[in-house]
Amino acid sequence: MKTAFIFPGQGSQALGMGKDFFDHTFVAKEMIEEASDTLGWDMKTLLFEPNTRLEQTQYTQPAIFLVGAIAYKLYETQLPKAPVLTLGHSLGEFLALHASGALAFREGLSLVHTRGMLMMEACANQAVGMMAILGLDDVDVESICAHARNDGKQVWPANYNSTGQIVVAGIKEDLASLEGTFKEAGAKRALLLAMSVASHCPLLESVGEPLLASMQKALGTTFATPIVSNVTAKTYQSKEEALSLLKDQLTMPVKYKQSIEAYDAHVECYVEFGGSVLKGLNRRISQKPTYAITDMASLEEAIKAQQ
């Protein structure tokens, strides 16, 4: 089968994620220990024991990267087949780089931890947030945001997730003031999310240069498979393109829906690693099956479906 590998981003984290892998495989135990050594804290505590850090972006990002990398490693070990392309949602694009061979495990963990810290620092002195808009066309959301910016508010489309689901980012007070406007325009819901950062908007412009320096050191030059950029919804396959696009990704919206629509005809199924958020989005975009690998049972199901 022609398969696309997809990787979720922030928002897919949950206490206990990766526990079934840890309980049943040496690979997961080894990778969690390696991650703990790399980052200097106990990943088992972060992933498996009640804590507040898992929701803080500097910890969330390496946690998601780790569990996605474990799921990918277990799958790849049993079914070493190359995908036709890889695709990640926001943070997940770094896992797509890892799966393509362009970003090693340790370097990837350190890089996304740095990304999380830089994003947190950029938003630390501002009351920022993100809001999910359900049931409204993209053009209507874009128009409302544009009019609001003309009035001096700071709000931007941030994630094009699926038809009728778009996330906007900006100053929390400005987002809250638009709740009624979105609903009057026909939105079924306008829900402020529990986010401490405003991703994929100009409020993260200061992160670009320091992240670029870290990416320059971490990224390799081997790209075994094409990666679909969140920024352009087009594939790239070089370090030079990756550096430019991942810097732009900080301040530009994630075009997940457009990416799936652009390449859906080229694939027969999708495999999501480490979460199931994208499987839910894909149901609204594609008629192709998506297998979400979150534990040993779903790993076995995904492998059987493609043999």
Worksheet item: Applying the side-chain contact (heavy atoms from CB on, under 4.5 Å) test to Val112, which of Leu91, Thr60, Leu103, Leu95 qualifies?
Response: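 Exactly one candidate clears the test, Leu91.
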Indicate the atoms forming the closest heavy-atom contact of [X] with [Y], along with that distance.
X	Y	result
Leu15	Glu49	CD1-O, 3.3 Å
Thr181	Ser177	OG1-O, 4.4 Å
Thr225	Ser100	OG1-CB, 3.6 Å
Lys247	Met215	N-CE, 3.9 Å
Leu191	Arg189	CD2-NH2, 3.7 Å
Pro8	Gly274	CG-C, 4.4 Å

Worksheet item: Can the ring centroids of Phe65 and Phe7 be said to lie less than 6.0 angstrom from one another?
Response: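 Judged by ring-centre distance (under 6.0 Å), Phe65 and Phe7 do not meet the cut-off.
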Worksheet item: For the ring pair Tyr291 and Tyr270, is the centre-to-centre distance below 6.0 Å?
Response: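 Between Tyr270 and Tyr291, which both carry aromatic rings, the centre distance is not below 6.0 Å.
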Discussion item. Any side-chain to backbone donor/acceptor pair from Glu272 onto Ile6? Under 3.5 Å, distance only.
Written reply: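 No: the side chain of Glu272 does not pair with the backbone of Ile6.
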Throw together a table of side-chain donor-acceptor distances under 3.5 angstrom for residues 192-201, partners on residues two or more places apart or in other chains.
residue	atom	partner	partner atom	Å
His200	ND1	Gln249	O	2.7
His200	NE2	Ser90	OG	2.6

Discussion item. Whether Lys255 engages the ring of Tyr160 as a cation-pi pair (distance to the six-membered ring centre under 6.0 angstrom, angle to the ring normal within 45°) should be assessed.
Written reply: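 That pair does not qualify as a cation-pi contact.
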Discussion item. Does Ile144 form a side chain to side chain contact (heavy atoms under 4.5 Å, CB included) with Val141? I'd like the steps, not just the answer.
Written reply: CA-CA 5 Å; Ile144 291 170; Val141 175; 5.9 Å; no
Inspect the contact between [Y] and [X] and indicate whether a charged nitrogen and a carboxylate oxygen are less than 4.0 angstrom apart.
X	Y	result
Glu268	Lys288	no
Asp42	Lys44	yes
Glu33	Lys29	no

Discussion item. One pair to check against side chain to side chain contact (heavy atoms under 4.5 Å, CB included): Trp41 and His113. What are the steps and the verdict?
Written reply: CA-CA 12 Å; Trp41 67 76; His113 176 50; 3.5 Å; yes
Discussion item. One pair to check against side chain to side chain donor-acceptor pair (under 3.5 Å): Gln154 and Arg149. What are the steps and the verdict?
Written reply: CA-CA 6 Å; Gln154 297 185 73; Arg149 290 196 301 276; over 6 Å; no
Which atom pairs, one a donor and one an acceptor, fall under 3.5 Å between side chains of residues 116-140 and the rest of the protein, sequence neighbours left out?
residue	atom	partner	partner atom	Å
Gln126	NE2	Ala122	O	3.3
Asp138	OD2	Lys257	NZ	2.6

